[in-house]
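Computed from a prediction, not measured in an experiment: that's the story for all the values here. Chain A is the first sequence line, chain B the second, and so forth, proteins listed ahead of strands; every chain is numbered from 1.
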Protein chains: 2
Amino acid sequence: MAQRVQNLRRAPTSVAMASALALSGRRWAFRIVWELRVGPLSFRALQAACGTISPSVLQHRLHGLRDLGIVERIPRLGYRLTASGERLFHVLAALNKWSAELTKELH
Amino acid sequence: MAQRVQNLRRAPTSVAMASALALSGRRWAFRIVWELRVGPLSFRALQAACGTISPSVLQHRLHGLRDLGIVERIPRLGYRLTASGERLFHVLAALNKWSAELTKELH
DNA sequence: CATCCATGCTACGTTTTTGATAGCGCTGAT
DNA sequence: ATCAGCGCTATCAAAAACGTAGCATGGATG
């Protein structure tokens with residue numbers, strides 16, 4: 001395990017990782033995935049869950065996330081995570097844990 | 001474990017998580033952390049590692065990451081991850097793995 | 001049928017963020 | 001003294017995101 005991490009440190013940033021990082025760098029992208037963890041949400045419910053996202057950006061993101069196979073649209077149910085999206089959720093759960101530790105640390 | 005994930009799904013998005021997601025949503029933010037996994041990098045080396053980031057944005061991000069205690073500046077060595085930054089790297093390692101599986105899946 | 005309401009989504013003008021490029025001031029080596 | 005590399009700033013252009021209004025559809029209700 002320690003060895004594997006060392007290899008990760010040495011290896012150049014892969015194309016796949018670069019695009020995952022590019023995805024993460026678009027505003028609201030991960031937040032949308034995170035909000036969908038509860039189950040399918042309608043467009044408007046998703047908008048409300050994110051708080052202040054504008055519908056144009058939400059629409060933009062949903063297209064991108066659908067193109068990547070992270071989110072899918074279900075008629076009459078709205079949007080929900082695919083299997084890949086679910087796996088991404090687990091990554092975000094790790095981020096969630098990290099964020100909790102970070103803010104605890106800042107006090 | 002399964003139970004803990006269910007709780008995560010039910011719980012509302014915390015303030016800490018919202019700001020972590022906001023951080024992720026700024027372009028290059030996570031990429032910078034990822035590139036610093038190899039060890040300390042100078043401003044220009046970091047710029048080169050990211051590929052095409054402009055110096056003004058890099059400067060902006062570094063300030064933000066320093067304010068959050070994720071990155072620190074070491075005289076004559078450049079920038080490196082703090083302990084929190086290292087823990088964030090481990091989260092990104094999970095993202096790395098996810099990205100590899102995702103692209104494998106798309107073929 | 002007519003009305004109402006919620007939905008997914010688009011249009012559009014403004015603001016914010018990011019980008020590209022040039023270059024300044026400093027430091028250390030030659 | 002020169003020179004190269006460094007961290008970083010300035011400036012302007014381009015792109016992304018925002019806020020708001022509103023359209024079209026479809027189902028429920030009177």
When you look at B:Glu35 and B:Arg80, which way does the salt bridge (charged side-chain N to carboxylate O under 4.0 Å, His left out) test go after all the steps?
CA-CA 10 Å; B:Glu35 296 301 339; B:Arg80 78 167 172 204; over 6 Å; no
Measure [atom1]/[X] against [atom2]/[N] and give the value in whole Å, please.
{"X": "B:Leu62", "N": "D:dC8", "atom1": "CG", "atom2": "P", "result": "8 Å"}
{"X": "A:Ile32", "N": "D:dA17", "atom1": "CD1", "atom2": "C1'", "result": "12 Å"}
{"X": "B:Leu58", "N": "D:dC6", "atom1": "CG", "atom2": "C1'", "result": "13 Å"}
{"X": "B:Ile53", "N": "C:dG19", "atom1": "CD1", "atom2": "P", "result": "7 Å"}
{"X": "B:His63", "N": "C:dT17", "atom1": "NE2", "atom2": "P", "result": "16 Å"}
{"X": "A:Ile74", "N": "C:dG8", "atom1": "CD1", "atom2": "P", "result": "13 Å"}
{"X": "A:Leu41", "N": "C:dA6", "atom1": "CG", "atom2": "P", "result": "18 Å"}
{"X": "A:Arg44", "N": "C:dC9", "atom1": "CZ", "atom2": "C1'", "result": "8 Å"}

With the side chain of [X] defined as its heavy atoms from C-beta on, choose the nearest nucleotide among [options].
{"X": "B:Tyr79", "options": "C:dC9, C:dG19, D:dC8", "result": "D:dC8"}
{"X": "B:Arg73", "options": "D:dC8, C:dT7, D:dA16", "result": "D:dC8"}
{"X": "A:Pro55", "options": "D:dC18, C:dC9, D:dC8", "result": "C:dC9"}

Minimum-distance pair of heavy atoms, taken over all atoms of B:Thr103 and A:Ala16
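B:Thr103 and A:Ala16 have their closest heavy atoms at CG2-CB, 3.6 Å.
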Would you indicate, yes or no, if [N] has its OP1 or OP2 atom less than 4.0 angstrom from a side-chain nitrogen or oxygen of [X]?
{"X": "A:Gln59", "N": "C:dG8", "value": "no"}
{"X": "A:Trp28", "N": "D:dA16", "value": "no"}
{"X": "A:Arg76", "N": "C:dG8", "value": "no"}
{"X": "B:Arg61", "N": "C:dT18", "value": "yes"}
{"X": "B:Arg26", "N": "C:dT17", "value": "yes"}

A:Leu8 versus B:Trp34: any side-chain heavy-atom pair under 4.5 Å?
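Of all side-chain heavy-atom pairs linking B:Trp34 with A:Leu8, at least one is under 4.5 Å.
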In terms of the nearest nucleotide of DNA chain C, which residue is placed more toward the 5' end: A:Leu77 or A:Arg27?
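First, find each residue's nearest nucleotide; the 5'-ward one identifies A:Leu77.
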In one Ile/Leu/Val/Met/Phe/Trp/Tyr side-chain cluster, 4.5 Å: A:Leu62, A:Leu77:
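The answer is no; the residues belong to distinct hydrophobic clusters.
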Which part of the nucleic acid, if any, lies within contact of A:Ser56, taking any heavy atom under 4.0 Å across all strands shown: a base, the sugar-phosphate backbone alone, or nothing?
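If one applies the 4.0 Å heavy-atom cut-off, A:Ser56 turns out to touch a base.
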What's A:Ser42 touching, base or sugar-phosphate or nothing? Going by heavy atoms closer than 4.0 Å.
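Counting heavy atoms under 4.0 Å across all strands, the contact made by A:Ser42 is with sugar-phosphate only.
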Could you check B:Glu105 against A:Arg87 for salt bridge (charged side-chain N to carboxylate O under 4.0 Å, His left out), going step by step and ending with a plain yes or no?
CA-CA 13 Å; B:Glu105 192 169 281; A:Arg87 271 181 271 124; 2.8 Å; yes
